[in-house]
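To find a chain, count down the sequence lines: A is the first, B the second, and so on, and within it residues start at 1.
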4 protein chains.
Amino acid sequence: MSARNRSAPRKRPRQERAKATVETILEAAAHVLVTSGYEGTTTKAVAERAGVSIGSLYQYFPSKEALVAMLLERFHQRALEVLADKLAPHPITDLEQEVRELVRALVEFYGVNPRLQRVLLEQAPRIGRLQVVQEIEARVESLVQIVLAQNLEFERPRNLGLVVFIIIRALRSAVWAVVVERPELIGTPEFVEELSALILGYLRPQGDRRKHSTPGVK
Amino acid sequence: MSARNRSAPRKRPRQERAKATVETILEAAAHVLVTSGYEGTTTKAVAERAGVSIGSLYQYFPSKEALVAMLLERFHQRALEVLADKLAPHPITDLEQEVRELVRALVEFYGVNPRLQRVLLEQAPRIGRLQVVQEIEARVESLVQIVLAQNLEFERPRNLGLVVFIIIRALRSAVWAVVVERPELIGTPEFVEELSALILGYLRPQGDRRKHSTPGVK
Amino acid sequence: MSARNRSAPRKRPRQERAKATVETILEAAAHVLVTSGYEGTTTKAVAERAGVSIGSLYQYFPSKEALVAMLLERFHQRALEVLADKLAPHPITDLEQEVRELVRALVEFYGVNPRLQRVLLEQAPRIGRLQVVQEIEARVESLVQIVLAQNLEFERPRNLGLVVFIIIRALRSAVWAVVVERPELIGTPEFVEELSALILGYLRPQGDRRKHSTPGVK
Amino acid sequence: MSARNRSAPRKRPRQERAKATVETILEAAAHVLVTSGYEGTTTKAVAERAGVSIGSLYQYFPSKEALVAMLLERFHQRALEVLADKLAPHPITDLEQEVRELVRALVEFYGVNPRLQRVLLEQAPRIGRLQVVQEIEARVESLVQIVLAQNLEFERPRNLGLVVFIIIRALRSAVWAVVVERPELIGTPEFVEELSALILGYLRPQGDRRKHSTPGVK
DNA sequence: AATGAATGAGCATTCATTCAT
DNA sequence: CATGAATGAATGCTCATTCAT
């Protein structure tokens with residue numbers, strides 16, 4: 001097996017039982033990753049939690065990396081589905097409402113098992129398989145960019161790619177930080193409201209700043 | 001040595017030579033952490049790069065964790081110094097300019113060795129309660145909060161703590177993401193401009209949104 | 001695995017092959033302990049002598065300590081079997097003969113690999129409360145005590161527990177000392193005779209001492 | 001420095017201060033050996049407890065072994081002094097009383113820091129320097145043997161060397177065992193009484209056994 | 001002499017991975 | 001296919017000892 005394929009799943013499970021095993025293993029892996037971090041995760045622990053032998057684990061995943069890669073891929077696939085729906089090209093009548101919906105979707109999405117997401121995105125070694133992930137991330141950015149391009153106009157020229165890039169990072173990290181450090185705020189309308197304000201304020205024509213006196217200064 | 005002290009430095013170097021050794025080790029550790037990640041960092045590699053024996057490393061740092069802890073502490077100490085300066089209470093005449101300055105400071109600060117910062121902060125939660133670090137983070141938030149409280153008034157009631165929390169996370173992760181993924185943008189006025197816009201837009205009286213038509217919709 | 005379990009074996013071997021491995025490792029451990037002492041014994045040396053990989057050793061014994069603990073346990077188990085037989089409650093017609101038999105049994109028992117026994121018992125106090133071992137030692141003492149209580153009467157009141165305690169220690173250390181320092185005496189009738197005399201003299205009614213003139217003084 | 005000299009003290013301290021330092025180090029070593037066992041004793045710990053630098057320790061003792069060797073030597077020297085006194089050739093009028101005195105002396109002697117004695121005699125590696133120790137032990141045995149030879153006559157021929165050998169081992173191990181496992185008994189007359197009974201019974205003419213019915217059988 | 005910084009061989013232990021059954 | 005026994009390179013860390021200051 002070439003090095004290139006280290007993080008590719010070993011084979012397609014044909015039978016139903018095999019599929020179930022794969023699912024069990026992935027769930028176990030997710031759990032162990034969350035509770036022990038990437039470094040603390042051992043294949044033995046995953047196999048034990050999944051209730052299968054270490055041999056069986058290696059039957060479906062040729063390495064620890066492959067396990068993480070599979071989880072990453074699935075996570076992004078799901079991200080894409082959720083967002084593609086919200087971001088499907090459509091006429092926008094109320095951008096404010098639209099952004100609020102998008103934020104709500106993102107909060108919901110990033111709020112699902114954020115600890116796992118952090119382990120996957122931050123601690124896991126940048127694996128070869130990440131190509132898939134990068135492609136998906138690129139597609140999400142591109143979707144958001146298209147929606148914005150079709151619905152916004154700025155008084156000054158702006159690098160829309162950068163704007164989208166910043167929006168996504170800012171939102172994601174804010175959601176993660178809140179979920180991890182201030183979990184009591186999840187689900188409060190206040191939280192979604194503030195994040196929407198962050199994005200909406202950012203998208204509002206920047207020219208405004210010069211038309212009025214500095215806003216909000218006492 | 002108790003378990004509590006796993007991440008505390010082992011002893012104070014008394015001679016000049018020893019101080020130099022400690023510095024060399026820390027520099028080497030930073031380098032190895034950046035190039036190999038936390039997991040990939042071995043104490044042997046650090047010692048070798050530092051040009052000292054593995055024994056010398058353990059003379060001053062009782063564990064790999066202690067090495068990271070020391071770097072984390074220094075990083076936060078430096079963070080505090082930089083920001084305390086910018087955030088020292090003072091009369092604010094031009095909030096816009098003020099925020100731009102703050103953003104510039106943060107960009108500069110977070111932009112220094114961001115890969116190291118990420119490794120450090122990723123591991124921070126696993127490292128025995130670094131009181132110093134937590135205190136410093138709290139102080140930074142508190143500084144920002146005080147500045148904002150003295151200079152802003154909002155039309156609707158807002159949870160200022162949450163606002164500050166979001167600002168800091170959003171800024172930090174945006175800076176890191178740009179530095180790591182779009183390094184060519186660092187130092188461009190465009191980048192600082194966009195980040196300032198993000199924060200300024202967020203702080204602008206939210207009531208505006210209702211007074212005008214949705215801004216910028218085609 | 002908790003600290004409590006440091007000296008407990010790691011898992012039960014399920015396959016025949018595994019059982020054989022465990023036996024091989026224990027034999028190798030005994031050998032290395034005898035030739036190198038506890039401190040000089042390295043897990044690597046044990047594994048090598050056993051002809052297994054170091055990993056296999058740790059598959060069954062979580063630590064060097066556990067290896068010693070297992071040997072200790074087996075040794076005491078065997079001790080109990082040997083002695084329980086000799087000490088089983090039974091009518092005693094000839095105490096002298098009885099004691100001689102017991103001494104012979106003990107000489108035989110303690111004479112088997114006494115160097116290993118010393119290493120094991122020297123380390124015993126450092127090994128996490130080996131309940132099994134302590135229980136067995138207590139049972140041996142209790143057996144001896146019962147036999148004596150049923151067959152002896154003393155003219156003066158004596159602390160039987162202390163008597164038994166002294167007998168066992170005195171016998172054991174005398175046997176060990178002879179085996180280690182005067183191996184040529186093992187198996188001679190003279191040796192068993194002297195040890196029997198030691199015990200018999202001790203058990204003989206102490207009142208005798210006052211009835212006769214001091215015996216044997218020239 | 002040749003390998004032969006590893007356990008020889010490095011130099012004779014000329015000055016008073018140096019002598020005091022040596023004493024301090026030896027006391028510290030004794031303490032650490034008792035509390036941590038031979039394996040657990042580190043030269044650093046000894047130096048720290050003695051309040052001297054590790055360098056100073058090595059100024060006087062070229063190795064850890066030399067430290068232990070010195071303690072052993074002193075211990076035996078002291079043993080010899082105590083016993084030589086008791087065992088000095090002299091007319092014996094009351095053997096019983098004599099033995100009781102001897103036992104009392106031995107109990108006292110072996111009862112002084114028995115844990116240290118055990119570490120020194122059991123756990124410490126058999127060092128080259130032990131020649132000295134063996135010579136001293138031989139002298140003690142010889143002293144006891146002479147005393148006994150001059151004061152005892154047996155009805156049957158006995159190997160007096162073996163008798164002495166057994167007496168010394170039995171006493172020593174009984175005392176150690178009691179001090180370590182039943183410390184509450186130390187100093188009780190009962191304890192000395194029982195040990196005296198052990199030795200006296202052993203030395204009593206063995207012919208007695210045949211003259212009377214088995215003693216003490218119910 | 002005294003200090004303590006520096007050394008590095010050596011040890012216990014882990015864990016991803018392979019392979020015989 | 002499943003099992004779990006076996007592997008061994010690699011790691012974190014200790015500690016007796018040396019040596020520069």
Given atom [atom1] of [X] and atom [atom2] of [N], what is their separation to the nearest angstrom?
X	N	atom1	atom2	answer
B/K44	E/dG10	NZ	P	14 Å
B/I25	E/dT7	CD1	C1'	12 Å
B/L67	F/dT11	CG	P	16 Å
D/L57	F/dC19	CG	P	17 Å
D/K64	F/dT14	NZ	C1'	11 Å
B/E48	F/dT11	CD	P	11 Å
B/K19	E/dG4	NZ	P	14 Å
B/Q59	F/dT14	CD	C1'	11 Å

Side-chain N or O of A/S63 closer than 4.0 Å to phosphate OP1/OP2 of E/dA16: no

Ionic contact status for C/K44 with C/E48, cut-off 4.0 Å: yes

Lys/Arg-Asp/Glu bridge criterion (N-O < 4.0 Å) met for A/R74, A/E23: yes

Aromatic B/Y38 / basic B/K64 pairing, under 6.0 angstrom, 45° off normal: yes

From [options], pick the nucleotide closest to the side chain of [X]?
X	options	value
D/T43	F/dT17, E/dA16, E/dA6	F/dT17
A/S53	F/dT7, F/dA5, F/dG4	F/dG4
C/Y60	F/dA6, E/dA2, E/dA5	F/dA6

Can you tell me how far the [atom1] atom of [X] sits from the [atom2] atom of [Y], to the nearest 0.5 Å?
X	Y	atom1	atom2	answer
B/L71	B/E27	CG	CD	10.0 Å
D/H31	D/N113	NE2	CG	9.5 Å
D/E65	D/L72	CD	CG	11.0 Å

First encountered from the 5' end of DNA chain E, between A/I54 and C/Y58: C/Y58

Secondary-structure notation, DNA chain E, from Watson-Crick and G-U pairs under 3.5 angstrom (| other strand): .||||||||||||||||||||

Sugar-phosphate, base or nothing in reach of C/T42, heavy atoms under 4.0 Å: sugar-phosphate

Sugar-phosphate, base or nothing in reach of A/T21, heavy atoms under 4.0 Å: nothing

Any donor-acceptor N or O pair under 3.5 Å, side chains A/S53, A/S56: yes

Residue closer to the 5' end of DNA chain F, C/V52 versus A/S56 (nearest nucleotide): A/S56

